[in-house]
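Proteins come first, then strands; the chains are lettered A, B, ... in the order of their sequence lines, and each starts at number 1.
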Amino acid sequence: MLGNTPPNDELNKPYNPKNHEEKIYKMWEEPGYFNPDRLPVGADQRGNERGPASPKLQRPLRLVGDEARGESTRKTFCITMAPPNVTGSLHMGHALGYTLSDILVRFKRMRGFETLWLPGTDHAGIATQNVVEKELKKQGVSRHDLGREKFLEKVWEWKEKYGHTIIDQLKKLGASADWSRLRFTMDEGYVKAVETAFKHYYDKSWIYQGERVINWCPRCATSLSDLEVEYKEENAEWFEIKYGPLVIGTVRPETKLGDTAIAVNPQDPRYKNLIGQELEIETVLGPAKMKVVGDPKVDMEFGTGAMKVTPAHDAHDFELAEKNNLEKKQVIGPDGRMTALAQKYAGLTVKEARKQIVADLEKKNLLVSRKPYLHNIAVCYRCDTIIEPLLSKQWFLKMKELAQTASDAVKNGQIKFHPHNFAKTYFDWLDNIRDWTISRQIWWGHKIPLDGVSDVLDTWFSSALWPFAALGWPKKTKDLERFYPTNVLTNDRGIINLWDTRMIFSGLEFMNEKPFSNLIIHATVMTREGKRMSKSLGTGIDPLQLIEEYGADATRFALIWQTMGGQDIKWQQESLVAGKKFMNKIWNATRFVLQRTGNSKFEVRSLKQTQISENKDVINKFDVTKKTVTDLIESYEFGPALHLLYDFFWHDFCDKYLEQTKKLNDEETGSTLLYVLTGSLKLLHPFIPFITEILWGKLPVPNKKFLIIESW
RNA sequence: GGGCGAUUAGUUCAAUGGUAGAACGCUGCAUUCACAUUGCAGAGGCACAAGUUCGAUUCUUGUAUCGCCCACCA
C-alpha cells in the first residue's frame, strides 16, 4: 500500500524535519489510523522478528467499528474540534489549542481508547460574507448588484476554493483528526440540525420576534449580539445643552432629536419636584414638550444629574420608555443617516448631523458648554465601524431557563472548567443574561425557517449545536450514540460565553446530556512584551512559518514548553531553539543506541533480570517518569509533563546513563538502552509525533506497529 | 466601575513553610569515539511594607506596577 512503508533512508547526522513530516503524515492518514473504526485491536502474536521494521511486519487491520461492535468493550474518547472559520488561517492560538487536543487524542489512542477527534469548519457568517464582498469589490461589484442568490453562489465557490486552507495547515501541524468525518456548519445534515433546533425553541415559545434597541453595524447592515461589540477609547466632546429649565449633557447631540423625555433620580433634591411635569423645551427643531420621569438608575453625581431619554437609540432608554410608556422616535436609520423625523437634518450622516446641530445650538444660544471628553465607543468586532444602537425588529431566544440549566451543570460538577477560575466568567454572564438576538441581516448563513423572512441566524446559533450536530443529530447515528457526550473540549477564553456556554445549554436542551465533561481553556499566546498578537497591528507570529523553518515537532514543543500554570504565554522564540536542539538530541541518542544494538540479539524485555545497579537506577527513574507523565497528561498539565520528559531524556538518560554504557558492552546495557529509549519515544510521541514515529520505525522492537497506534 | 491573574536569574518561566530550579543568553574549560544543535564547570534572582510563625520567596493583609475579562455612564 502506498505510503505504508516507514522511511528507509538512513539516519543522517543532522535531523531535518522537512525530509520526513509530510511522508509520515500520509503513513498515518492513509491506513486510517485517525479513524476509530479502523484502529487495530489487540496484540499481534505472530512475529518474533527483530531488527528494523519491515512493511511485512504490519499485520492486517482488524476492524472494531460496526462489524466488531458487539464484542468491542473498548472505551471511547472523543473531542469535537473547535471548528475554525473557513476564512481562517492558522494563528498561534489555534496552533496551541489544536496541539493540546492532539496530545490528548494521541495519548488516549495509545492508551487503547476508541478515539475520535472530529474536525470541522465553521461557515462564520459575517466574516465570510465580508471576505467575499471584498473580493467582489476588487471587480467593482457589490453583493447588491448580484442579488442574494448569485451572491450566495459566489460564497460557496469561495468556500470550495479556499475553505480547506486551514485544514491543510492543521495537517502540517500533525493534527490526528479523523478527516473522513469532516463536517461543515452549513452542510446538508447540519442545516437539518439547525432547523430542528429552531423549531424546537419556536414550539416552546422561546423564540419570539420583537422590537428592541439592538447593536447595529451600519457597514455590515446587520444586528449584532452584545458579545460581538467591542469598545475603543476615543477622544470626543462633552456638550452641555439647555433643556428648558434644565441642563443636560451628552456626547451625541444628534440623538437629542429623538429625545422623548428627561429622566432624573427620584432622590435628587434638585429635580425631584419636577417628576411628572411636562416641560416646554426649545430645541434646534423648535419648541417641544417633554415629560420628566423618575428613575433610580440615574446617577445624581454624573454630569448634571438630569438625563435625556432617547428610547430608539439607547438600550437603557428603551427600557425606561417601556416602563413609562414613552414615545420612541427613530432619528437615525439603518444606513447610519438621519431619518425623515430629523426634519431639516434628514439624510445627513451622524457625523455631519452632529456638527450641524452643534452649530445650530450655538446660534440659538442653547449650548451651555463644550469640552474634550475621553470615552468608550462601541465598534463592530468584524469591521471596526461605530455601532449605532437602533430600534429594530429582530428574533430573540429566551435565555432564562436555558441559562439556569447551563449554570447548574457546572455548579453540580457535571462539567468542569480547567482551570476552574474560568467558571466565574461563565456564571457572571449567565447571572446577568439577556435574551439572545439570534437574527442577522446578512445573506450568508442559516435561513430562519419561516416563510417570508430574509434574515439569517447568528453563526453561533449553529455552532452551539456542534458537539451533537457534528456527530449526526438530529439523526440517531451510531456515532452519536457512541461518542456523545464527548470527553473534552479545548478553546480560547475569548469564546467562553460566545460558544462554550451556548453548547452547554444546547446539549442539555436537545440531548438531555452535557456536551462534554471537561472544558480546557488554554493559554492565550501573547507577544514577548505581553501584548495581544494581532494581524492588523503586525504583532502576530505565523505558526506555519515556524513549522516551515523548524518543523512541526519543534513548533509543538515550543508551544507546550511555554504552557505552564499561568494563563498567558509571552511567546519566546528561544524555546523553538530549545525544541530544535532537543529533536536533534533524540535523533542522535537513537543513532547511538542503534549502533550499540544493531545486528544483535538484544531483547527489549529481557532486562528485568538485570543485576547492574546503574541499569536499575535508570529503569526505575524511567518507570517513575512514565507514571508521572501519565498523571500529568490526565490532569491536562501538558507543560510540566513535557519538562519532565525533557529533563529525564536529556539529563538522566543521555548525559548520565548513555555515557556510562560507553564503558560497558554487555547484553544487559543494550537491552536497557532499548527499553528506556522505546519507552521514552512512546511518552514523547503525543508531544512530538513526527520524529518519534520515524525513529520508532528504525528500532528493533518485536511485533512492532506504527508508534501512533502502539500501546502506551 | 466590577472581577480574575501576575510580579522569582539578563530574558521567558518553574518549585518550595527550613540549601530556590530549567530553558535560552553569558563566562571558562574539554572533547572530534551518538550529537559542536555537544559535554563539564561557573556567574547571576524571590516587587515593596506589615502581620502569622521558632523560621516566610511560599500563608494573611495592604501598597505599587502590569496583563486579561466583564460592564459601559446619559
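Mapping A:Tyr231 and A:Trp561 onto RNA chain B via the closest heavy atom, the residue that lands nearer the 5' end is A:Trp561.
Between the NE2 atom of A:His375 and the P atom of B:rA71 there is a distance of 17 Å, rounded to whole Å. A:Ile691 has its CD1 atom 16 Å from the P atom of B:rU37, to the nearest Å. Rounded to whole angstrom, the span from the CG atom of A:Asp568 across to the P atom of B:rA14 amounts to 11 Å. In this structure, OH of A:Tyr381 is placed 18 Å from C1' of B:rC69, rounded to the nearest angstrom. Rounding to whole angstrom units, NE2 of residue A:His420 and C1' of B:rC4 are separated by 13 Å.
Remark: RNA chain B forms stems of 3 or more consecutive Watson-Crick or G-U wobble pairs, all pair distances under 3.5 Å, at B:1-7 with B:64-70, B:10-13 with B:21-24, B:26-30 with B:38-42, B:47-51 with B:59-63.
Across all strands, A:Val309 comes closer than 4.0 Å to no nucleic acid atom at all (heavy-atom distances).
B:rG28 sits 15 Å from B:rA43 when the P atoms are compared, rounded to a whole Å. The separation of B:rA34 from B:rG18, taken at their C1' atoms, amounts to 43 Å, rounded to a whole angstrom. Comparing the P positions of B:rA50 and B:rU57 gives an interatomic distance of 12 Å, to the nearest angstrom. When the C1' atom is used for both B:rG10 and B:rC70, the distance is 37 Å, rounded to whole Å. With P as the reference atom, B:rU58 and B:rG51 are 14 Å apart, rounded to whole Å. If you take atom P in B:rG55 and the same atom in B:rA14, they sit 30 Å apart, rounded to whole Å. A gap of 26 Å separates the P atoms of B:rG42 and B:rA47, to the nearest Å. For the C1' atoms, the distance from B:rA64 to B:rC48 is 7 Å, rounded to whole Å.
Counting heavy atoms of neighbouring residues, nucleotides and ligands inside a 6.0 Å radius, atom NZ of A:Lys328 exceeds 12 of them.
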Listed pairs under 3.5 Å, donor-acceptor, residues 643-651 of chain A side chains, sequence neighbours left out:
from     : atom 1 : to       : atom 2 : distance (Å)
A:His643 : NE2    : A:Trp561 : O      : 2.9
A:His651 : ND1    : A:Asp655 : OD2    : 3.0

**Fill in**
Its contact letters, B for base, S for sugar-phosphate only and - for none at protein heavy atoms under 4.0 Å, make nucleotides 39-44 of chain B read SS----
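Remark: A:Arg502 is positioned above the aromatic ring of A:Trp436, its terminal NZ or CZ atom under 6.0 angstrom from the ring centre and at most 45 degrees off the axis. Under a cutoff of 6.0 Å and an axis angle of 45°, A:Arg212 and A:Phe396 form a cation-pi pair. A cation-pi arrangement is found for A:Lys662 relative to A:Phe592, the charged atom lying closer than 6.0 Å to the ring centre and inside a 45° cone about the ring normal.
At the phosphate of B:rC73, neither OP1 nor OP2 sits under 4.0 Å from any side-chain N or O atom of A:Asn376.
With contacts defined as side-chain heavy-atom distances shorter than 4.5 Å, the pair A:Pro253/A:Val284 does not qualify.
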